[in-house]
K.L.:
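Please see the structure below; I have some questions.
Letters go in sequence order (proteins before strands), and every chain restarts at 1.
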Protein chains: 2
Amino acid sequence: MAHSRLNELIEKATKLFAEKGFAASSMRDLAHEMGIEAASLYSHIHSKEEMLEIICFKKADQFLAALDEVNDIYFNAEEKLRMAIKLHVSIICKNPNASKVFIDEWRHLEEPHKLKFIEKRNLYELGILEILKTGEQENLFKEVDLKFATLTILSTVNWINQWYNPQGKMKPEEIANELSNFILTGLKK
Amino acid sequence: MAHSRLNELIEKATKLFAEKGFAASSMRDLAHEMGIEAASLYSHIHSKEEMLEIICFKKADQFLAALDEVNDIYFNAEEKLRMAIKLHVSIICKNPNASKVFIDEWRHLEEPHKLKFIEKRNLYELGILEILKTGEQENLFKEVDLKFATLTILSTVNWINQWYNPQGKMKPEEIANELSNFILTGLKK
DNA sequence: CCTACCGATCGGTAGG
DNA sequence: CCTACCGATCGGTAGG
């Protein structure tokens, strides 16, 4: 497979960055994981930061693609929101390490990539916000501060990354369902 | 004032750790902020990590004290939850930088402090969980996975730290109110 | 992918 | 709080 060694490198970097944080991860740590010398890493990548870019932007594009999928198919705002949440949770659970880097480590990106990353993230937030706005217009959702509600929803769907265990008893679909119900109807009877 | 120079140091360290992350913050950065040489920092503290301890544990104790306050005074589970959220948001908004360190940087604590920190955090989570359990028993709240609901609630109240601006138009009280309503009744009409 | 190495920077200490 | 300094480690390059 072409680039398979590069793929392996990115995978190991993802795990390392997720576990120790970008700044606390050294190229020598990573080289050790790969079973090679630190200097040899640079035949696969140009810099430590480049790996962070690859990880963050790949994840950002996955989320944006999910948004397109939602907007292409579903009509009702509640269904749209449920679908968006389901896809979001699915993306996170499919690769918790990469998600952790996407959520917590992007700030170590250098310009101009950092700015570009924030733009993509904003685009995603806007997509969720549009769904909520539609729900308001359809008289399905309460009238709330849309920005506030968007960020609150994203916080709950991102947080699962902190405790999600692939070996745990809850499957991504169940998590998404519970979360959607919580977001839509709250805690009160 | 006794320890005022130490207080200033911790304050500046808090800001630095919040903005750049613990691992990416250097003692020379911090010394520069203080207007002294890096070596001089060690007449106030023993190590870089010690500052992280001070910040994290102070914040942890604030949250635990809030829990006591809630449990001492309020009876109804809904009121308890609203009060807990209000105090939580208030603690975060009072010092967003320290809260950021508490939420994101504690993993750089060294043992045995890391373990002790996790214990305190678990104690807090348990306190919130107890409130939800009471609400269930009082037939006020839905029957949900208590652990799941607790983490979801904490995620939303912690996330405000990412975007809260002390100069913004929303006051902590309003944020707490919106958040409580959202958590209790959800988005749906 | 390796050996050999670079300058820069790291957290921290000794001694005043 | 300073000067002077330590050994360790950092990301990265040259040349093969």
Side-chain angles (χ1 to χ4, degrees), chain A residues 1-57 101 104-114 117, chain B residues 1-57 101 104-114 117:
Chain A
M1 225 174 143
H3 304 301
S4 77
R5 194 70 173 139
L6 175 60
N7 285 343
E8 192 185 342
L9 177 59
I10 296 298
E11 210 171 286
K12 292 215 157 81
T14 302
K15 187 162 178 256
L16 196 62
F17 295 168
E19 284 169 1
K20 303 183 68 171
F22 178 75
S25 301
S26 77
M27 295 302 270
R28 279 152 182 89
D29 287 339
L30 184 54
H32 183 81
E33 292 284 329
M34 291 291 286
I36 59 178
E37 294 300 315
S40 305
L41 294 170
Y42 293 89
S43 56
H44 296 104
I45 39 90
H46 297 100
S47 68
K48 186 184 174 188
E49 202 254 359
E50 194 194 27
M51 293 186 288
L52 184 62
E53 286 169 38
I54 292 170
I55 299 164
C56 288
F57 281 94
V101 175
D104 287 335
E105 303 298 329
W106 62 268
R107 66 166 158 174
H108 293 107
L109 288 169
E110 289 165 16
E111 299 296 2
H113 309 105
K114 194 174 179 176
F117 178 86
Chain B
M1 226 172 142
H3 304 301
S4 78
R5 194 71 172 140
L6 175 60
N7 285 344
E8 191 185 342
L9 177 59
I10 296 298
E11 210 172 286
K12 292 215 156 80
T14 303
K15 186 162 179 254
L16 196 62
F17 294 169
E19 284 169 0
K20 303 183 69 170
F22 178 76
S25 300
S26 78
M27 294 303 269
R28 279 152 183 89
D29 286 339
L30 183 54
H32 183 81
E33 293 283 329
M34 290 291 286
I36 59 178
E37 294 301 315
S40 304
L41 294 170
Y42 294 89
S43 57
H44 296 106
I45 39 91
H46 297 100
S47 68
K48 186 185 173 188
E49 201 255 358
E50 193 194 27
M51 293 186 288
L52 184 62
E53 285 169 39
I54 292 171
I55 299 165
C56 288
F57 281 94
V101 175
D104 288 335
E105 304 299 328
W106 63 268
R107 66 165 158 174
H108 294 107
L109 287 168
E110 289 165 16
E111 301 295 3
H113 309 105
K114 194 174 178 175
F117 177 86

K.L.:
Can you list, by residue number, the residues of residues 105-114 of chain B that have a non-hydrogen atom closer than 4.0 angstrom to DNA chain D?
P.N.:
none
K.L.:
What pairs with B:Lys15 under salt bridge (Lys or Arg N to Asp or Glu O under 4.0 Å), at least two apart in sequence or on another chain?
P.N.:
B:Glu19
K.L.:
So, does A:Thr14 use its side chain to make a donor-acceptor pair with the main chain of A:Ile10 at under 3.5 Å?
P.N.:
yes
K.L.:
Taking ring pair (Phe, Tyr, Trp, His ring centres under 6.0 Å) as the cut-off, I'd like each qualifying pair that reaches into residues 33-56 of chain B, sequence neighbours left out, listed once.
P.N.:
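Sorted result for residues 33-56 of chain B: empty, none.
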K.L.:
Can you name the residues that form a ring-ring contact (aromatic ring centres under 6.0 Å, His included) with B:His108, not counting sequence neighbours?
P.N.:
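B:Phe22.
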K.L.:
Who passes side-chain contact (heavy atoms from CB on, under 4.5 Å) against A:His113, sequence neighbours left out?
P.N.:
A:Glu49, A:Glu53, A:Phe57
K.L.:
Near A:Glu11 CD, under 6.0 Å, is it more than 12 heavy atoms from other residues, nucleotides or ligands?
P.N.:
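Counting neighbours around CD of A:Glu11, 12 or fewer heavy atoms of other residues, nucleotides or ligands fall under 6.0 Å, so no.
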K.L.:
Show me the donor-acceptor pairs, under 3.5 Å and distance only, between side chains in residues 27-34 of chain B and residues at least two apart or in other chains.
P.N.:
| from | atom 1 | to | atom 2 | distance (Å) |
| --- | --- | --- | --- | --- |
| B:Asp29 | OD2 | B:Lys20 | NZ | 3.2 |
| B:Asp29 | OD2 | B:Ser26 | N | 3.2 |
| B:Asp29 | OD2 | B:Ser26 | OG | 3.4 |

K.L.:
Measure the distance from CG on A:Leu41 to C1' on C:dC1 and round it to the nearest whole Å.
P.N.:
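Computing the A:Leu41:CG to C:dC1:C1' distance gives 10 Å.
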K.L.:
Are any side-chain N or O atoms of B:Ser40 and backbone N or O atoms of B:Ile36, one a donor and one an acceptor, separated by less than 3.5 Å?
P.N.:
no
K.L.:
If the condition is side chain to side chain donor-acceptor pair (under 3.5 Å), which residues does A:Lys12 pass it with, not counting sequence neighbours?
P.N.:
A:Glu8
K.L.:
Apply salt bridge (Lys or Arg N to Asp or Glu O under 4.0 Å) to A:Glu37 and list each qualifying residue two or more places apart in sequence or on a separate chain.
P.N.:
none
K.L.:
What stems show up for DNA chain D when you take Watson-Crick pairs (N1-N3 plus N6-O4 or O6-N4) and G-U wobbles (N1-O2, O6-N3), both under 3.5 Å, and require three or more consecutive pairs?
P.N.:
C:1-16 with D:1-16
K.L.:
Nearest whole angstrom, please: distance from the P of D:dC2 to the CD of B:Glu37.
P.N.:
5 Å
K.L.:
Using a 4.0 Å cut-off on protein heavy atoms (strictly under), produce a 5'-to-3' string for nucleotides 5-16 of chain C with B for base contact, S for backbone-only sugar-phosphate contact, and - for none.
P.N.:
-----BBBB---
